[in-house]
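Step one of this worksheet: look at the structure below.
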Amino acid sequence: MQGYVHSFDTGAAADGPGIRFALFLAGCPFKCLYCHNPDTWEMKNGKPTHSQEIIDEISKYAGFLRMAGGLTITGGEPLAQPEFAHEIFERAKNQLGLHTALDTQGFLAGHLSDEWFNVVDLVMLDIKEMNPTTYLKLTGKPLQPTLDFAQRLEEMGKSFWLRYVLVPGLTDNPDDVQALANFIRPFKHLKRIDVLPFHNMAIHKWDELGYPYTLKNTRSPSAEEVAAVKKILEG
């Protein structure tokens, strides 16, 4: 099977548990204002690649990855190429014996069956904001499909992590953070919460692509601000 691959990292330390092979697929329906990979938005920006090529590459590190971490498919949005992503997950899990993780915002998951996720050990779910109006401004898409997917993960008994990017003046409203805390409170299969500080180190990518970057004057949150939001969510 052929898909569109942006890049891969053979020693990723921030894309799931342990040290992982992180595969970045091209294509994403979102246009997040703070995206640090805007070069993955368009499928055409990816390299046409056969799944066997990816499996061959992962196989080089499989012995280490079985002990140290596993495979994470990210992007872009992996669910924009569901058949391609699924084949790689299936072969990595069943042939290479690797732990598998999916990094997604879940917007496209409604098109997939529960069985699709059988080859995924962990989902890292980006819930970017709980105010629907702010979410639409931030991503260009509605919030509800992502919330529906979070509920579905819980019903499937699928382990997942929550990822939340803290952007001063955009995703730091205390009422919205508390609303997210209230939403996730019943979830028994939510295993970890990551609050990630906003940064604008990808400005050069936006400039190179000719995309207007509206957060140039937005500061990164302090460590204390990140810890305060994390405390609310973990509470």
Side-chain angles (χ1 to χ4, degrees), residues 1-28 35-37 39-40 43 45-106 108-109 112-126 149 152-154 156-165 188-196 199 201-202 205:
M1 183 175 294
Q2 181 174 278
Y4 293 86
V5 172
H6 175 268
S7 58
F8 59 82
D9 184 350
T10 60
D15 293 280
I19 306 299
R20 308 184 70 81
F21 188 107
L23 177 65
F24 295 82
L25 299 188
C28 183
C35 182
H36 61 277
N37 288 324
D39 46 331
T40 66
M43 200 85 71
N45 290 339
K47 177 184 177 183
T49 307
H50 287 283
S51 54
Q52 186 62 52
E53 297 176 63
I54 299 300
I55 294 300
D56 289 345
E57 190 66 33
I58 297 172
S59 296
K60 299 176 185 177
Y61 313 96
F64 170 76
L65 293 170
R66 277 192 290 270
M67 297 183 297
L71 165 70
T72 297
I73 301 185
T74 180
E77 170 49 57
L79 299 187
Q81 300 187 63
E83 294 87 1
F84 185 64
H86 187 271
E87 178 170 338
I88 294 170
F89 272 141
E90 185 174 44
R91 296 183 65 183
K93 183 175 180 64
N94 296 332
Q95 295 180 17
L96 303 180
L98 298 184
H99 178 276
T100 56
L102 169 69
D103 184 7
T104 180
Q105 21 77 351
L108 298 173
L112 304 175
S113 68
D114 288 357
E115 287 72 25
W116 191 98
F117 296 94
N118 288 345
V119 292
V120 178
D121 295 310
L122 173 70
V123 174
M124 294 181 290
L125 179 62
D126 296 321
F149 182 53
R152 185 176 165 198
L153 289 171
E154 178 69 13
M156 286 193 291
K158 182 69 64 179
S159 294
F160 69 105
W161 293 3
L162 168 66
R163 291 190 145 188
Y164 188 80
V165 178
K188 294 180 172 57
H189 294 92
L190 175 59
K191 304 301 182 182
R192 172 168 162 168
I193 296 170
D194 287 332
V195 179
L196 309 174
H199 63 76
M201 291 185 288
K205 293 184 180 180

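Residue numbers start at 1 and run along the sequence shown.
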inquiry  = Quick test of your reading: applying ring pair (Phe, Tyr, Trp, His ring centres under 6.0 Å), list the pairs with at least one residue in residues 1-26, sequence neighbours left out, ordered by first then second residue.
reply    = F8-F21
Distance-minimising heavy-atom pair for [X] and [Y]:
X    : Y    : result
H99  : P17  : CE1-CG, 4.0 Å
M124 : D15  : CE-O, 3.4 Å
L96  : S59  : CD2-OG, 3.6 Å
G106 : L125 : N-CD1, 4.0 Å
K93  : N118 : CE-O, 4.1 Å
A12  : A22  : CB-CB, 3.7 Å

Say you draw a straight line from [atom1] of [X] to [atom2] of [Y]; how long is it, rounded to the nearest 0.5 Å?
X    : Y    : atom1 : atom2 : result
I55  : Q95  : CD1   : CD    : 6.5 Å
E154 : H189 : CD    : NE2   : 5.5 Å
N45  : C28  : CG    : SG    : 12.5 Å
D103 : I73  : CG    : CD1   : 11.0 Å
F149 : L112 : CZ    : CG    : 8.0 Å
E83  : Q2   : CD    : CD    : 13.5 Å

Going by heavy atoms in the side chains, are [X] and [Y] under 4.5 Å from each other?
X   : Y    : value
L79 : L102 : yes
H36 : H199 : yes
L25 : T40  : no
L65 : L71  : no

request  = Sort and list the pairs that fulfil salt bridge (charged side-chain N to carboxylate O under 4.0 Å, His left out) and have at least one residue in residues 48-67, not counting sequence neighbours.
outcome  = E57-K60
Are any side-chain N or O atoms of [X] and backbone N or O atoms of [Y], one a donor and one an acceptor, separated by less than 3.5 Å?
X    : Y    : result
W116 : P82  : yes
E77  : Q105 : yes
K47  : S7   : no
R192 : R163 : no
H50  : Q52  : no
T100 : V119 : yes

request  = Check each of D9, T72, T74 against R20 using the side-chain hydrogen bond (donor to acceptor under 3.5 Å, both in side chains) test, and report the only one that passes.
outcome  = T72
message = Using the rule side-chain contact (heavy atoms from CB on, under 4.5 Å), only one of V123, L122, L153 pairs with S159; which is it?
response = L122
task = Check the pair M156 / R152 against side chain to side chain contact (heavy atoms under 4.5 Å, CB included), numbers first and verdict last.
result = CA-CA 6 Å; M156 286 193 291; R152 185 176 165 198; 4.2 Å; yes
inquiry  = Tell me whether D121 is salt-bridged to K158, with the criterion being a basic N under 4.0 Å from an acidic carboxylate O.
reply    = no
key: Stepwise side chain to side chain contact (heavy atoms under 4.5 Å, CB included) check, Y164 with D194   = CA-CA 6 Å; Y164 188 80; D194 287 332; over 6 Å; no
request  = For residues F117 and F160, establish whether the separation of their ring centroids is below 6.0 Å.
outcome  = no
message = Does D126 form a side chain to side chain contact (heavy atoms under 4.5 Å, CB included) with T104? I'd like the steps, not just the answer.
response = CA-CA 6 Å; D126 296 321; T104 180; over 6 Å; no
